[in-house]
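Please read the structure below before turning to the comments.
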Amino acid sequence: MERANLDWANLGFGLVPTDFNVRYTWKDGVWSSPEVTRSTDLVIPMAATALHYGQALFEGMKALETVDGRVVVFRPTENGTRMARGARKLLMEPPPLELFVEGVTEAVRLNRRYVPPCESGAVLYIRPLLIGTGPRVGVGPADEYTFLVFVTPVGPYFTRGMRPIRVWLEEDVDRAAPNGVGDVKAAGNYAAGMRATAHAHEQGFDVVLHTDPRENKYIDECSAAIFFGIQSTGPDVKYITPQSTSILASVTNDSIMTVARDLGLTVEHRPVEITELATFQEAGCCGTATIVTPIGMVQWRERAFTFHEQGKVAGPWCRKLYDELVGIQTARIPDRHGWLHEVPR
Ligand code: PLP
Ligand code: COI
């Protein structure tokens with residue numbers, strides 16, 4: 001199949017039309033067979049629970065071309081497991097893991113011509129979505145669900161690349177509650193955080209870093225990525241990343257904790273106090289879209305914490321973690337943890 005004619009090296013993080021999407025519906029207790037369609041529209045009842053009561057969950061994943069020309073999806077079973085966990089929290093019907101992986105694999109296979117060339121640095125972003133499509137006016141779960149997967153080729157989430165970003169520490173707006181649904185990819189979490197991000201952008205910051213919603217004492221996560229700090233005191237280097245009930249269980253962070261251990265770093269996954277920012281030589285955020293992005297500074301009230309030699313260039317550990325993760329994803333480095341799921345032709 002000939003590759004689509006796109007300017008791969010200059011793609012942004014946006015929606016580029018592709019050929020097909022894959023859909024399943026759950027009705028009368030069973031999931032349908034996959035429906036492959038070119039239509040990008042959905043016809044659903046105006047009283048669908050997704051629209052009124054937020055029964056909506058999504059995933060963010062990626063497919064890449066490896067250096068040896070294969071197309072792989074990164075750790076799809078982790079995202080499928082997270083979506084099922086989210087579905088159970090929101091009283092939605094979880095797509096079985098095999099169905100989730102099938103839908104993702106098919107969506108990539110059918111749109112293979114949109115998988116960017118390996119050397120471009122772009123990827124095929126995969127967006128699985130689960131919504132309550134059954135109508136209901138009283139508050140309660142739907143009796144019908146739609147699970148669909150679409151894909152779009154994307155370039156970097158932050159146009160600054162490996163140049164460190166500027167971060168606003170947000171204490172006033174919470175994206176999630178301590179015992180809420182911040183740990184899963186509920187659509188409403190993103191609506192809740194939008195005004196904080198808009199405010200940060202107005203002030204000249206790239207991204208928001210939320211504090212914990214219970215005490216405003218600990219670091220939670222960014223609007224669409226996980227925070228980490230690097231503490232190097234002598235030979236002992238630590239990768240420190242927050243643990244909290246209100247932050248997303250990130251597949252990328254789990255992968256980076258693993259490669260950090262492989263590289264000999266000590267990993268601390270625990271509550272991280274705001275004041276600990278002063279003890280990090282490097283800081284960054286990570287996620288499917290953001291990969292590993294260095295943070296140059298964090299503004300907390302009147303106080304600015306800076307990292308990476310005054311925030312101008314990425315420090316060595318951010319680079320190493322980036323290279324290791326992307327190296328495994330593109331098969332430049334052996335897939336020693338079995339993270340790559342190959343998409344058949
Ligand atoms: N936190 C939030 C709020 C996100 O939206 C994302 C992106 O998916 C992440 C963290 C990173 O998670 P993952 O590594 O699973 O993509
Ligand atoms: C991801 O990294 O997959 C995300 O979900 C970020 C995003 C909401 C665009």
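Ligands are counted one by one from 1 in listed order, and the atoms in each one are counted from 1 as well. Worth knowing before you read on, the calculation uses all heavy atoms, side chains too, and leaves out hydrogens, waters and symmetry mates.
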Does a donor on one side chain sit under 3.5 Å from an acceptor on the other, for [X] and [Y]?
X: D183; Y: S246; answer: no
X: N111; Y: R113; answer: no
X: D68; Y: T66; answer: yes

For [atom], what is the closest protein heavy atom, and at what distance to 0.1 Å?
atom: atom 5 (O) of ligand 1; result: Y190 OH, 2.5 Å
atom: atom 8 (C) of ligand 2; result: Y190 CE2, 3.8 Å
atom: atom 6 (C) of ligand 1; result: A224 O, 3.4 Å
atom: atom 2 (O) of ligand 2; result: A289 N, 2.8 Å
atom: atom 5 (O) of ligand 2; result: K185 NZ, 2.7 Å

Salt bridge present between [X] and [Y] (N-O < 4.0 angstrom):
X: E65; Y: R112; answer: no
X: R175; Y: E170; answer: no
X: K238; Y: E268; answer: yes
X: E276; Y: R270; answer: yes

Exercise for the section: Report, as yes or no, whether the 6.0 Å neighbourhood of atom CZ on R195 holds more than 12 heavy atoms from other residues, nucleotides or ligands. Expected result: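 No - once you tally the heavy atoms of other residues, nucleotides and ligands closer than 6.0 Å, there are 12 at most.
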
Practice task
Ignoring angles and geometry beyond distance, decide whether G287 reaches within less than 3.5 Å of ligand 1 through its nitrogen or oxygen atoms.
Solution key: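 No - when backbone and side-chain N and O of G287 are compared with those of ligand 1, no distance drops under 3.5 Å.
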
Handout entry: V251 and ligand 1 - part of the residue with a heavy-atom distance under 4.0 Å
Key =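 Near ligand 1, V251 shows its backbone as well as its side chain.
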
Problem - Part of K185 with heavy atoms under 4.0 Å of ligand 1, whether side chain, backbone, both or neither - result: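 Only the side chain of K185 comes within reach of ligand 1.
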
Problem - Distance (rounded to the nearest 0.5 Å) between I230 CD1 and I240 CD1 - result: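 One finds 8.5 Å between CD1 of I230 and CD1 of I240.
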
Practice task
Look at the aromatic rings of F227 and F280 and report parallel, tilted or perpendicular, splitting at 30° and 60°.
Solution key: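 Aromatic pair F227/F280 classed tilted.
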
Problem - Ring geometry between W31 and Y24 (parallel below 30°, tilted from 30 to 60°, perpendicular above 60°) - result: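 Y24 and W31: perpendicular rings.
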
Which of the atoms of ligand 2 are close to [X], meaning less than 4.0 Å from one of its heavy atoms?
X: A224; value: 6 (C)
X: Y157; value: 9 (C)
X: F13; value: 9 (C)
X: Y125; value: 1 (C), 3 (O), 4 (C), 5 (O)

Handout entry: Interfacing atoms of ligand 1 (cut-off 4.0 Å, heavy-atom, T288)
Key =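 Within the 4.0 Å cut-off of T288, ligand 1 contributes 13 (P), 14 (O), 16 (O).
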
Handout entry: Sub-4.0 Å atoms of ligand 1 with respect to non-hydrogen atoms of I226
Key =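 Heavy-atom distances to I226 below 4.0 Å select 10 (C).
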
Exercise for the section: Return yes or no for this condition: an N or O of T290 is under 3.5 Å from an N or O of ligand 2. Expected result: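 Min N/O separation from ligand 2 is not below 3.5 Å for T290.
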
Practice task
State whether the shortest distance between N or O atoms of M61 and N or O atoms of ligand 2 falls below 3.5 angstrom.
Solution key: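 So ligand 2 has no N or O lying under 3.5 Å from an N or O of M61.
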
Practice task
Give a yes/no verdict on whether any heavy atom in S223 is under 4.0 Å from an atom of ligand 1.
Solution key: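 Yes; S223 lies near enough to ligand 1 that a heavy-atom distance drops under 4.0 Å.
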
Handout entry: Heavy-atom nearest neighbour of atom 1 (N) of ligand 1 within options R175, E59, E221, H210
Key =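 It is E221 whose heavy atom sits nearest to atom 1 (N) of ligand 1.
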
Handout entry: Per atom 13 (P) of ligand 1, closest listed option by heavy atom (A176, G182, S250)
Key =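 Closest candidate by heavy-atom distance is S250.
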
Handout entry: Passing option when F147 is tested against F58, W26, F100 for ring pair (Phe, Tyr, Trp, His ring centres under 6.0 Å)
Key =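 Exactly one candidate clears the test, F100.
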
